[in-house]
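The structure under discussion appears below in the form of structure tokens.
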Amino acid sequence: MIVGLESRDDAGVYRLREDLAIIQTVDYFTPIVDDPYDFGQIAAANALSDVYAMGGRPVTAMNVVCFPRASMDISILRDILRGGIAKLSEAGVSLIGGHSVDDPELKYGLCVTGIVHPERVITKRGAREGDVLVLTKPLGSGIISTAMKAGLAGKEIIARLTQQMATLNKKASELMMDVPVHACTDITGFGLLGHACEMIEGTDVGMVIHISSVPLLSNIEEYARMGLIPGGTYRNREFRSHMIEAQVSDEMMLILFDAQTSGGLFISLPAKDGEGLVRRMHEEGIEDAAIVGQVVAEPKGKIRIT
Ligand code: CO
Ligand code: CO
Ligand code: CO
């Protein structure tokens, strides 16, 4: 076993041979958008993401389905599964099975297996002083989803949010593996700062995040000011606030802690490779990728927001 439960990383990694390890992960959740096909795509992109964050290549997947047979039309489930399969085929991943249960609350996701060279596994830990930090997708999916549920998000914003969450981290991961990265994770439920804290907790480095460099979905500041904040986002801030040094508005802090679905990769790599990686990402259509901060010696074990 290379990465197991105690390291609380994105996925488990098990060595099969000298030159081959498998990565295993499972993720499923309740619908976050109204359209079943879109939900299927997002759930699949999200489930695959942990393999990409570890530098692996997903190869097989199995559906995990909870479906209220009595109260919901089966065509909805068919559309969800079609969305999932479309993403898997875009990723070059084979669907090899699955399991469904009758459940009053609809849930969908996948169990994913990937492969990686045992010496090329990228974990959350390993950020070094002097590294730069690259984020590959804009923040705000939690807040915008909340605005959407309240009926306050327009069609265009919903379309942009959906497209962003359904985007695979495949290309970002492949480009990352072309440079000598030190650490990586994907931004999901704990928000940017929550996942950043996991990378430095108990280590002898800290981080500086430049707020003006962090890519954001449009209108998010306005929604945050209106109090359209998911519960998980408040919990994230409460749990980690002792690790944050900042003089920023309440809204901005909540945006940085916003619980994300299928967020981007957050990569720590040598400063000399940072600009080049971001340029390659822009060339490949990952247009929001940006250097958002640095790994520093002080404040140790903390994140300073500037
Ligand atoms: Co993850
Ligand atoms: Co996960
Ligand atoms: Co079964």
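Heavy-atom basis, side chains included; hydrogens, waters and symmetry copies ignored. Ligands are counted one by one from 1 in listed order, and the atoms in each one are counted from 1 as well. One-based numbering along the sequence shown.
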- request: Could you list the residues that satisfy ring pair (Phe, Tyr, Trp, His ring centres under 6.0 Å) with His182, not counting sequence neighbours?
  value: none
query: When you check the side-chain N and O atoms of Thr188 and Asp186, is any donor under 3.5 Å from an acceptor?
result: no
field: Considering only N, O or S atoms of Asp50, the one closest to the Co ion (ligand 1)
entry: OD1
- request: Quick one: list whatever passes ring pair (Phe, Tyr, Trp, His ring centres under 6.0 Å) with Phe190, sequence neighbours left out.
  value: His195
message: Under the side-chain contact (heavy atoms from CB on, under 4.5 Å) test against Phe266, which residue among Thr136, Val134, Ile187 passes?
response: Ile187
- request: Provide the atom name of the closest N, O or S atom of Asp186 relative to the Co ion (ligand 1).
  value: OD1
Shortest-distance N/O/S atom, Asp10 versus the Co ion (ligand 1): OD1
